[in-house]
Protein chains: 2
Amino acid sequence: MALEIKDILKKNKLSVTGSREKILSLFLNHEGALSHGDIEKKAGEKFDRVTVYRTLQTFLEKGIIHAIPTADNSIRYALCKDDCTEGHHHDHHIHFLCMHCHNTYCLDDIVTPEIKLPDGYVADQIDVLVEGVCKNCKASVTK
Amino acid sequence: MALEIKDILKKNKLSVTGSREKILSLFLNHEGALSHGDIEKKAGEKFDRVTVYRTLQTFLEKGIIHAIPTADNSIRYALCKDDCTEGHHHDHHIHFLCMHCHNTYCLDDIVTPEIKLPDGYVADQIDVLVEGVCKNCKASVTK
DNA sequence: TACAAAAAGGCAACATTGTTGCAAAATGTG
DNA sequence: CACATTTTGCAACAATGTTGCCTTTTTGTA
């Protein structure tokens, strides 16, 4: 695992540092997306707030993670699939926000649908956000 | 126009005040969505920041406006259609963010598509965000 | 391995954004 | 018009993001 993390960093021409390894491992070990706040909390007291901001920014630019829009002023981030490279995302899955556990999941198997736009509009990127109850919570609620 | 604004407020059982009239008129006179910051700027020095927050909150609760998620930490708001009432939105249009003019438009004619979720997931609300170039900007750019 | 250059981290100070409590002012109603 | 209720503005605060600068770490190279 530790090897895998270093490989990801190296593949993206990033120097291997403690904070990058730590933050990347948080993403690898957590199903679902993380907000900046989540990361600060999970990382403990180890890193400066500024370092977290800068690391996330770097990961975003390199295409290691992607940002997921939300309606509550707290952007969340999740790992990209392997075929994302710098400045070239292939982010066509949809995002699912569970109202119960408040996790955000990337549903990689669900592809964003085609959208017919009015004349004159040109689409570049499509984001689909679904809000509801996730698999895990559904199971425990109906129990 | 002034009458219309008061009517909207009264229909929602809100007292008619200067700030509510002003903020509502901003929405009525602006094609596209507004962020909190936009409103503060457009309103000039007239209102306290807190009043803007509280007014937006109230409008949201009453179903006069709806929130549009974004990936840049600045929620935008836009007027709801007439058939939205308190706690009961009919918000099935898609949202278009223009990368050129940075406006957000509600494309009321485009209905959110059906999404087939994996087993166990239950959808409650679907938000579609399309990023690209809008009609107006396309025209001026290709010129 | 040692070293210099480059990159990243930490700190402090600051800017922006959002929240809360309370007193003053405006609103709706009889 | 007077009164109860609602809304506003203010002040203080909390949380979140940003910037510059200096120190530490990392990297590539000899």
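A note on names: the letters A, B, ... follow the listed sequences, proteins ahead of strands, and every chain is numbered from 1.
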| said: I'd like to check Cys106(B) versus Ile68(B) (side-chain heavy atoms, cut-off strictly below 4.5 Å). Are they in contact? | reply: yes
| Rounded to whole angstroms, how far apart are NE2 on His36(A) and P on dT17(C)? | 17 Å
| query | Going by atom types alone, do Ser35(A) and Asp38(A) pair a side-chain donor with an acceptor below 3.5 Å? | reply | yes
| Rounded distance in Å - CG (Asp48(A)) to P (dA13(C)) | 14 Å
| message | If I take atom CZ in residue Phe59(A) and atom P in nucleotide dA7(C), what distance separates them, rounded to the nearest angstrom? | response | 17 Å
| field | Interatomic distance where CG belongs to Leu60(A) and C1' belongs to dG17(D) [whole Å] | value | 15 Å
| message | For His95(A) and His93(A), which I'm curious about, is there any donor-acceptor pair between the side chains at under 3.5 Å? | response | yes
| task | Work out which heavy atom in His66(B) is nearest to a heavy atom in Cys80(B); give both atom names and the distance. | result | ND1-SG, 3.4 Å
| task | Check Leu14(A) against Arg20(A) and note the closest heavy-atom contact, atom names and distance. | result | CB-NH1, 3.7 Å
| request: Take atom CZ of Phe47(A) and atom C1' of dT24(D), then tell me their distance rounded to the nearest Å. | output: 15 Å
| message | Using whole Å, what does the distance between atom P of nucleotide dA15(D) and atom CG of Asp72(A) come to? | response | 17 Å
| Does a nitrogen or oxygen in the side chain of Asn73(A) sit under 4.0 Å from OP1 or OP2 of dG18(C)? | yes
| request: Quick one: name the residues clustered hydrophobically with Leu97(A), using the 4.5 Å side-chain heavy-atom rule over I, L, V, M, F, W, Y, and just say none if it's on its own. | output: Leu129(A)
| remark: Atom CD of Glu61(B) and atom P of dT6(D) are separated, to the nearest Å, by 14 Å
| field | Residues from residues 49-58 of chain B lying under 4.0 Å of DNA chain D - heavy atoms | value | Val50(B), Thr51(B), Arg54(B)
| note | When rounded to whole Å, the NZ to P distance for the pair Lys46(A) and dG9(C) reads 12 Å
| request: Could you tell me whether a side-chain N or O of Thr55(A) sits under 3.5 Å from a main-chain N or O of Thr51(A), the two making a donor and an acceptor? | output: yes
| query | Where the side chain of Arg76(A) meets the backbone of Thr70(A), is there a donor-acceptor pair that is under 3.5 Å apart? | reply | no
| Just by modelled atom types, is the Val50(A) backbone N or O under 3.5 Å from a matching donor or acceptor in the Asp48(A) side chain? | yes
Show each protein N/O and nucleotides 25-29 of chain D N/O combination with a separation under 3.5 Å, one pair to a line.
unit_1	atom_1	unit_2	atom_2	d
dT27(D)	OP1	Val16(A)	N	2.8

